[in-house]
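Here's the structure, in structure tokens; my notes come after.
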Amino acid sequence: TKEEDTILEKQVNERKYNYIKQTLLEYFKINGTARNDKEINEYRKITNSDLCSGEDRALSYNAKHDFYYINSLYYFAIGDLMNYYSHQKKLVVLFETHPERLQEEAKNYLAALGNYYNICLSFKKYEECLGIIKKIRAVPAKSIRTQILIFSYSYERELGLYLATNEYNKGISLVEDIEKGIRLYKGKIQNVSIISFCFHLAKLYFVTKEYSKSLRWLNKILNDQTLKDSGPEHHCFSRIMNLIVHFELGNYDLLAYIVKSTYRFLHKRNRLYKFETSILNFIRKKLPKGTSQKVLIEIFKELKTELEEITRDPFEKTVLEYFDFISWAESKIENRPFAEIVREKATSTKNESGRQ
């Protein structure tokens with residue numbers, strides 16, 4: 001009877017964790033990361049349970065898995081990246097201390113490694129990132145599904161790493177393999193992975209000033225109807241980046257129309273915040289006044305100042321993780337390549353970190 005009670009208690013415990021996890025995940029899929037106190041409170045309501053207060057409340061392996069998953073997603077959603085890093089690392093350790101689970105739970109382990117990589121990249125732990133990519137590719141590919149996940153997770157992360165470390169040629173060297181993999185696994189790769197590939201490649205070609213190629217990858221996100229309900233954050237920033245690429249291509253006649261459609265999209269998705277509003281107003285109202293190089297530089301100076309002020313808000317600061325709009329403005333002010341400015345900032349940050 002005691003054994004039965006213990007088993008039943010664990011089952012109920014697991015079901016409660018699973019319910020919180022699914023509720024949180026569904027909310028996150030629709031709303032993405034919190035951008036104001038109201039959205040933070042919504043996340044808190046979902047996780048407002050004693051079960052989420054300590055791992056000792058989790059009575060089994062499955063419950064512990066969901067505990068770390070819930071807390072990781074919660075802290076990520078509200079922007080507490082240090083706690084997100086801590087819980088994501090614990091989730092990876094949980095898998096690796098139960099090797100008997102890895103084969104049957106390869107999908108979950110790969111997802112945990114992928115998320116762990118993402119936060120390591122945010123903290124510029126590049127050596128740790130390389131180690132994670134190696135771990136991903138070392139997972140036994142015993143099914144087509146696992147093969148697809150290994151391809152998606154490893155190449156997405158490797159591409160992101162080369163963008164972060166400004167090793168653009170290494171990133172471009174992956175394009176052929178990525179395109180081959182997308183064709184090979186067509187219809188089987190998760191939409192969020194397709195969107196991530198497209199957005200990363202759009203950024204890569206933007207930095208290397210191959211704007212037509214950048215636009216090609218952005219259009220895959222914006223025009224493919226099968227992707228419209230996936231990756232809300234990437235969709236929003238793809239539309240903003242789309243405006244900038246058309247500006248760089250000199251498609252000024254198209255910009256007025258694109259600004260209107262972008263505004264409608266963001267307003268409908270309730271994602272029209274300070275940053276988006278600033279970029280849209282800049283392109284719609286201020287750029288047409290740039291009738292000379294001198295005036296244009298002054299307009300970009302105003303944009304840079306405005307963006308710097310906006311990104312002091314922690315809810316708005318995350319935009320720079322998608323694309324460094326401030327450095328882009330600086331490249332126009334100083335008439336220097338965008339890639340050069342990004343590299344200089346990365347070198348400066350690295351040197352300051354080394355001195356500390």
Residues, nucleotides or ligands: over 12 heavy atoms within 6.0 Å of [X] [atom1]:
X	atom1	value
Glu210	CD	yes
Asp253	CG	no
Asn169	CG	no
Glu176	CD	no
Lys21	NZ	yes
Asn335	CG	no

Could you tell me whether [X] and [Y] have their ring centroids closer than 6.0 angstrom?
X	Y	value
Phe95	His65	yes
Phe323	Phe199	no
Tyr84	Phe76	yes

Would a distance-only check, ignoring hydrogens and angles, find a side-chain to backbone donor-acceptor pair under 3.5 Å from [X] to [Y]?
X	Y	result
Ser122	Asn118	yes
Ser53	Ser49	no
Ser327	Asp324	no
Asn251	Leu254	no
Ser173	Lys170	yes

Do [X] and [Y] have side-chain heavy atoms sitting under 4.5 Å apart?
X	Y	value
Leu243	Leu280	yes
Tyr69	Leu73	yes
Lys274	Arg35	no
Thr262	Ile279	no
Cys129	Arg157	no
Tyr109	Glu104	no
Leu81	Phe123	yes
Asp37	Glu42	no

Classify the side-chain pair [X]/[Y] by whether it contains a donor and acceptor separated by less than 3.5 Å.
X	Y	result
Lys107	Thr146	no
Arg284	Asn281	yes
Ser196	Ser193	no
Tyr168	Asn166	yes
Glu128	Tyr116	yes

Rounded distance (nearest 0.5 Å) linking atom [atom1] of [X] with atom [atom2] of [Y]:
X	Y	atom1	atom2	value
Ser152	Ile189	OG	CD1	4.5 Å
Asn115	Gln88	CG	CD	4.5 Å
Leu159	Ile133	CG	CD1	10.0 Å
Gln22	Asp66	CD	CG	8.0 Å
Thr33	Tyr43	OG1	OH	7.0 Å

Is a salt bridge present between [X] and [Y], judged by a nitrogen-to-oxygen distance below 4.0 Å?
X	Y	result
Lys2	Glu9	no
Glu14	Lys64	no
Lys301	Glu298	yes
Arg57	Asp50	no
Glu306	Lys286	yes
Glu105	Arg101	yes
Glu179	Arg216	yes
Glu344	Arg336	yes
Lys135	Glu96	yes
Glu158	Arg137	yes

In terms of ring plane angle, is the pair Phe275 and Phe237 parallel, tilted or perpendicular, where the classes change at 30° and 60°?
tilted

Would you call the rings of Phe197 and Phe151 parallel, tilted or perpendicular, where under 30° means parallel and over 60° means perpendicular?
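If you compare the ring of Phe197 with that of Phe151, the planes turn out tilted.
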
Check the hydrophobic clustering (I, L, V, M, F, W, Y; side-chain heavy atoms under 4.5 Å; chains of links allowed) and say if [X] and [Y] are grouped together.
X	Y	value
Leu94	Leu59	no
Val93	Ile136	no
Leu25	Phe67	yes
Val295	Tyr252	yes
Phe325	Ile341	no

Here the pair of heavy atoms bringing Ala63 nearest to Tyr17 is CB-CD1, 3.7 Å

Apply side-chain contact (heavy atoms from CB on, under 4.5 Å) to Lys142 and Gln147, showing your working.
CA-CA 8 Å; Lys142 297 194 174 182; Gln147 289 174 24; over 6 Å; no

Check against side-chain contact (heavy atoms from CB on, under 4.5 Å), Leu303 and Trp328
CA-CA 10 Å; Leu303 175 66; Trp328 175 69; 4.1 Å; yes

Stepwise, does the side-chain contact (heavy atoms from CB on, under 4.5 Å) test hold for Lys345 with Glu330?
CA-CA 12 Å; Lys345 287 186 176 181; Glu330 288 176 1; 3.2 Å; yes

Could you walk me through whether Lys304 and Glu334 pass the salt bridge (Lys or Arg N to Asp or Glu O under 4.0 Å) test, one step at a time?
CA-CA 12 Å; Lys304 180 193 171 189; Glu334 300 174 20; 5.6 Å; no

Where do Phe338 and Phe206 land on the ring-ring contact (aromatic ring centres under 6.0 Å, His included) test, with the steps shown first?
CA-CA 9 Å; Phe338 173 69; Phe206 183 91; 5.6 Å; yes

Leu204 vs Ile172, side-chain contact (heavy atoms from CB on, under 4.5 Å): CA-CA, chis, key distance, verdict:
CA-CA 8 Å; Leu204 179 67; Ile172 289 173; 3.7 Å; yes

Does NZ or CZ of Lys125 lie under 6.0 Å from the centre of the six-membered ring of Tyr85, at an angle within 45° of the ring axis?
yes

Option passing side-chain hydrogen bond (donor to acceptor under 3.5 Å, both in side chains) with Tyr68 (candidates Lys89, Glu55, His87):
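Only one option passes, and that is Glu55.
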
